[in-house]
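Have a look at the structure below, then the notes.
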Amino acid sequence: MGRKLDPTKKEKRGPGRKARKQKGAETELAKFLPAGGDENSKRLSSRARKRAAKRRSGSAGAPETKKSPGAKPLPGKLPKGAVQTPGKKEALSLFNVARGKKRPAPTHSSEEEEEEDSEGDGVVKQGDLWGSEDSDADMIDDYGADSNSEDEDEDDGEELLPIERAARKQKAQEAVAGGQWSEEETDEEEEEEQAEEEEEQASAGSGPGEDEEGGLQINVDEEEPFVLPPAGEMEQDAQAPDLQRVHKRIQDIVGVLRDFGTQREEGRSRSEYLQRLRKDLAVYYSYGDFLLGKLMDLFPLSELVEFLEANEVPRPITLRTNTLKTRRRDLAQALINRGVNLDPLGKWSKTGLVVYDSSVPIGATPEYLAGHYMLQGASSMLPVMALAPQEHERILDMCCAPGGKTSYIAQLMKNTGVILANDANAERLKSVVGNLHRLGVTNAIISHHDGRQFPKVVGGFDRVLLDAPCSGTGIISKDPAVKTNKDEKDILRCAHLQKELLLSAIDSVNATSKTGGYLVYCTCSIMVEENEWVVDYALRKRNVRLVPTGLDFGQEGFTRFRERRFHPTLRSTRRFYPHTHNMDGFFIAKFKKFSNSIPQSQTGNSATSTPANPDLPNLNGQVTPKSESGSTPAKKAGQAKQRLQKQLHPKKSSSQKQNGISKGTDVELSAVSSVTKAQASSKLQDSSQPAVTAAVVRELKEAGKLKQQSPKLQSSRKAAFWKQRAPPKAMNTDLPRAPSLSKTQATPKPEDRNQLVGNTTGAEKVKQQVAEQPFKKAAFQKQNGTPKGPKTPTVSSCSSSRPPPAKRRKSQSRGGRQPPLPSVDG
Amino acid sequence: MRPLTEEETRVMFEKIAKYIGENLQLLVDRPDGTYCFRLHNDRVYYVSEKILKLAANISGDKLVSLGTCFGKFTKTHKFRLHITALDYLAPYAKYKVWIKPGAEQSFLYGNHVLKSGLGRITENTSQYQGVVVYSMADVPLHPQGEKDLLNTHCLHGEEIYLHLILTSAYQGSTMIYYITNEMDIEFSV
């Protein structure tokens, strides 16, 4: 007794939470009896009363209970399986109500139904409900008989009890909605569907479906063609999606689409189904629309669902033994002793272990601290296996953080040779340092460059590994944010960066290496834009070819995808998926570089099949294609315009080009053609090959003209060319960044050229002649600029801001300040 | 990146000698090539000459690390040996301490080791001697969180060899416990 307790002032407390009192018959009955309306005076059984009460309280809920799919088959309850009647429907509906108390209730659809119901029946419905219950309560198993007799009387409203009529209607509506998946579009459809739906609901061989036409339908095989909700339905779903319902709908749509011819619903196109599926998948798996669209392009539908499911689940933890310090056997033994449950990773890996579960933190064991193993994803081991580094080689790892692949390379090389581990992100470099020290890697140099600065920093590596930064669509299970925060821009930006990095990487490989000359490009993405497209781009741009990766499992890369066509050797690349290989999504391509020179040729054939022209190496020397393309700004302008103008005779021009090359009679001619090609290749590679070759034709014509006019000037012109080559680098870089070159700019160019060439008078004449062309086609300068746009960023990284033409002139005449270019050294 | 000056070399070798004594030469002249020490951003790196050649191409501000980092020079030009040097010192260490499996875990997570955890110890280990700690399987142990090998040393009790091995788990703080044979515990920071 507390001191404060005062028995006199006791507060009255109401009934507690658990106090249950009988209120009295009136109150109890009031619960069951409807508030008002045309009720039958018949007394209801307790069950009927309960049902009624439920119906009244949650009228939204009641119909839906019926709608639950055939999880609870009604066969047992249906006394007359063979007879199809509306009465049957009625019976079904009643029973559904009785049973379906616990079924989930998609609200809005039922509401719709309710509305439709009420439209039709109004108050009568309620009364009918009651009535139907009445009949239910009273009669035992009269459904068939009743319905039979009433079937013909359906239209005869007088004979049917109003309740029965209403019940029938209600049942019809509920049955339609019952598949969890539809609103009625029209009554007719509804009837048909509900027949079929009922069949489906009633599952195996139970109640045959209703057919309004009265025919007997056996539909053990027939499944309700999934009925798409009307368009308005889609927005409603956004408010309160019922995930179970959505999931079911996804499965249904996939099933329908698999056998579209037979299972489709009349009047609904495939695209409508696909659209609905897309929305449902986005809702169910929380994807953004863009990414989901991309995935739907990539995978067939069944795989798509598997892929999405796999992304919800993390991949198993895997680790890689550090063979510099221990053996896999010993490590496995040591870890098992600590209480880790593990297994070898697979036939394909000699150092991998997969961890099923562990009683100690796997990242903090003494073995880990001693550097005996590294936690690494299984798919990350593959590119290093493909790279196959040999001892005493020089290897470059361009994007090395956090250092797993670098350390694997080091252990394969047994700490011999040199590895240059580079990464652009200073923060992540710290982890590289830590990991490499921990694992006992002694032959590594860690640097902090932008990958695109290779090979200028240092080149001539035997092998290069480029694990390019990507959109991360293969590691969604690790980072679910990727589902929603990626869109078109991100993918293209990544693709662009990857292309630049890949070109730099290719340039850093030494093709004449005795043991190497290989490059492995890999990403942890499954997008075609970041994988096959980038690889194809590199094949066209550089003297590389794809070789088998040495991995005998994994899916082959695409050689064509939607509207794109890739080089057939792309079949040797490998794709890995989470749902098929149980490792992170990955893409691996292995290149072999067969020539150190950078090709000038524009057309795809010459770019990949033949290394540079026989003459080109002479001309190239140390100059890059850019420099060559920038040989004469005048030429460039003219040629570009011509290119754009003429989209003719690709074959002719190419043959002419090759003639020019192969003959090599006139170095200048070939120089011109090579220049043209260089320009062409550097500028318009992707877009206008015919234009380029046309330009080549023109160029050759020009050259011919030049030749005729002043053969004595050849040498001087050559000199001019050479001179031009170096300085106009700046010009070249500027040009691409001037997509909207105006006419005014066009005109100064010839003047530029004239100034530049000033020291050689003969060349001046030549230039003037060439300059004539730009004047004529000044209008096309703009177009010239734009196609160069795509190439721009490669150059722009090193070029300063664009000076106006006048300044450009001066800078060039000053003697060719060479702005640093990413791909200078072939 | 530059070679070490005389002064720096002297300081560094003094520190290393605490652990490996006169075996220093073995570090430099190795059978698989000549190794050297280079200083970069106040850190000393131990690299082979082949690597040095390639590393010379990288500009100083972009170079992060090369070979193995042995330690660093502080602002007052004292040399701190890092745990990363352990793998090189371990084979040449003069004084070694082996600890039992039970104590191994505790040591690795930064705790001290009592005498009972001691398996073997090289004889004539004097007090405050720099030692290298091994597990019974002859694996040199890298205590987690420990950057400095500096403070791994051994304390003796008075006559009976009561050893206490100390690690400095965090920079700057070294707590020294020692237990005399009569279990007096004194703390000094």
Atom [atom1] of [X]: over 12 foreign heavy atoms under 6.0 Å:
X       : atom1 : answer
L429(A) : CG    : yes
K50(B)  : NZ    : no
R329(A) : CZ    : no

Where does Y368(A) contact chain B at under 4.5 Å (heavy atoms): side chain, backbone, both or neither?
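Interface part for Y368(A): neither.
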Would you mind checking which part of V432(A) comes under 4.5 Å of any heavy atom in chain B, side chain (CB onward), backbone (N, CA, C, O), both or neither?
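Interface part for V432(A): neither.
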Atom pair OH/CD1 of Y45(B) and I445(A) - distance to nearest 0.5 Å
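If we round to the nearest 0.5 Å, Y45(B):OH and I445(A):CD1 are 12.0 Å apart.
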Would you list the atom pairs, donor with acceptor, under 3.5 Å between side chains in residues 53-71 of chain B and any protein atom, with sequence neighbours excluded?
unit_1, atom_1, unit_2, atom_2, d
S59(B), OG, D61(B), OD1, 2.7
T68(B), OG1, Y88(B), OH, 3.0

Which residues in residues 402-420 of chain A have any heavy atom closer than 4.5 Å to a heavy atom of chain B?
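Interface residues of residues 402-420 of chain A: G417(A), V418(A), L420(A).
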Salt bridge (Lys or Arg N to Asp or Glu O under 4.0 Å) partners for E14(B), two or more places apart
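E14(B) satisfies salt bridge (Lys or Arg N to Asp or Glu O under 4.0 Å) with R10(B) once adjacent residues are dropped.
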Residue list, salt bridge (Lys or Arg N to Asp or Glu O under 4.0 Å) with K430(A), at least two apart or on another chain:
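Only E427(A) meet the salt bridge (Lys or Arg N to Asp or Glu O under 4.0 Å) criterion with K430(A).
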